[in-house]
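Counting convention: from 1, in listed order, for ligands and their atoms alike. These numbers come from a predicted model, not from an experiment.
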Amino acid sequence: MRALKLHELSLADRLADLAVDALIDEADLSPKPALVDRRGNGAHSDLHLGLMHASALSLWPMFKEMAEAAIEFGEVGLPLREALGRIGREGEQAMLTTTNGVNTHRGAIWALGLLTAAAALEPRAVTLTAAKLALLNDRYAPQPVSHGAQVAQRYGARGAREEAQLGFPSVVQRGLPQLHRSRQQNAGEQNARLDALLAIMTDLADTCVLYRAGPEGLYAMQRGAQAVLEAGGSATLGGRRQLHALDLQLLSLNASPGGAADLLAACLFIDRLDGAL
Ligand SMILES: CC(C)(COP(=O)(O)OP(=O)(O)OC[C@H]1O[C@@H](n2cnc3c(N)ncnc32)[C@H](O[C@H]2O[C@H](COP(=O)(O)OP(=O)(O)OP(=O)(O)O)[C@@H](O)[C@H]2O)[C@@H]1O)[C@@H](O)C(=O)NCCC(=O)NCCS
Ligand SMILES: Nc1ncnc2[nH]cnc12
């Protein structure tokens, strides 16, 4: 059989590949504090690595459809935003069917969905375009009492919606610069990705952590991530000790930084866009 050449794939195919690759690489990255990885289930009783992979793969048609919608509408506007909302809700259903009802990637559908559509529209201004899409109000979006909505009401925290509306500052200002810095310091690719995750965790209002462990859990996450980076990062012995301590502390608080994990996937996606399109 003739091998498929990369340039024979459509733009939408390639963007969907990049999004799913980013999700699988995020899941595989180890050791992540209190998250599902190659070692185990972290602070989750209903998740495991195989489920994260299956969930990521189930989202491929959704990412492709989002990119196609962006190409078809051709501009940021309510028609595209509402098409993405519909496609995203169908993607959530596909995810829940695959995982038997477990929420593996809701935040990733939101962040990577917007970024995939934005990359199809404006590859040179991806986060800005994603932010413009996120600022539009989808009239058909249901208003469930989500965990994010509950902690927004309780603590006034800004969650996934605001992160996107602000152009993903955790990714642009924290994750990506740290990824590049750690690579330049020859930390090794896996350590550079861990450092990027930690940089995101230093400042994020992760609503998963807030819901499960309150402000005490959020403070432990931010402070602990900072301590790893201050000790030299994941590639150093001192950093590894701090990372191990952070893992144990978050596990004891049942605090899983699922939002930070989604944003690491967003960071890996943006990092790979250059040169891939
Ligand atoms: C606008 C939406 C993002 C909805 O936002 P909202 O905050 O109302 O909803 P949540 O259901 O809480 O989902 C937000 C998910 O985003 C991730 N996240 C958390 N904090 C941040 C942050 N500061 N910045 C960015 N992203 C963040 C996080 O996802 C991960 O955690 C999931 C597990 O969370 P949870 O269900 O709370 O799980 P557990 O604690 O494990 O539950 P229990 O076991 O205790 O029951 C995991 O899936 C990760 O992905 C938040 O969960 C948007 O989602 C929306 O409007 N959706 C509707 C469809 C749509 O329009 N889609 C968009 C198309 S472009
Ligand atoms: N690796 C992971 N573990 C737990 N929740 C997540 N949400 C997204 N990625 C995750």
Q: Could I get the full list of side chain to side chain contact (heavy atoms under 4.5 Å, CB included) partners for Tyr155, not counting sequence neighbours?
A: Val151, Leu210, Pro215

Q: Go through the structure and list residues passing side chain to side chain contact (heavy atoms under 4.5 Å, CB included) with Asn254, not counting sequence neighbours.
A: Ala43, Arg212

Q) Which ligand 2 atoms does Thr104 reach within 4.0 Å, using its non-hydrogen atoms? A) 7 (N), 8 (C)

Q | ligand 2 N/O within reach of Val36 N/O, cut-off under 3.5 Å | A | yes

**Q.** Close N or O approach (Glu26, ligand 2; < 3.5 Å)
**A.** yes

Q: Using a strict 4.0 Å threshold on nitrogen-to-oxygen distance, state whether Asp247 and Arg39 make a salt bridge.
A: yes

For ligand 1, note which part of [X] has a heavy atom under 4.0 Å away: side chain, backbone, both or neither.
| X | answer |
| --- | --- |
| Thr207 | both |
| Leu204 | side chain |
| Glu162 | neither |

Just need the protein heavy atom nearest to [atom], so name the residue and atom and give the distance.
| atom | value |
| --- | --- |
| atom 6 (C) of ligand 2 | Met52 CE, 3.9 Å |
| atom 8 (C) of ligand 2 | Asp262 OD1, 3.3 Å |
| atom 51 (C) of ligand 1 | Cys208 SG, 3.9 Å |

Q | Sub-3.5 Å N/O-N/O distance, Asp138 and ligand 1 | A | no

Q.
Counting only heavy atoms, tell me which of Val102, Asn103, Thr99 gets closest to atom 48 (O) of ligand 1.
A. Asn103

Q. Is it the side chain, the backbone, both or neither of Asp37 that has a heavy atom closer than 4.0 Å to ligand 2?
A. neither

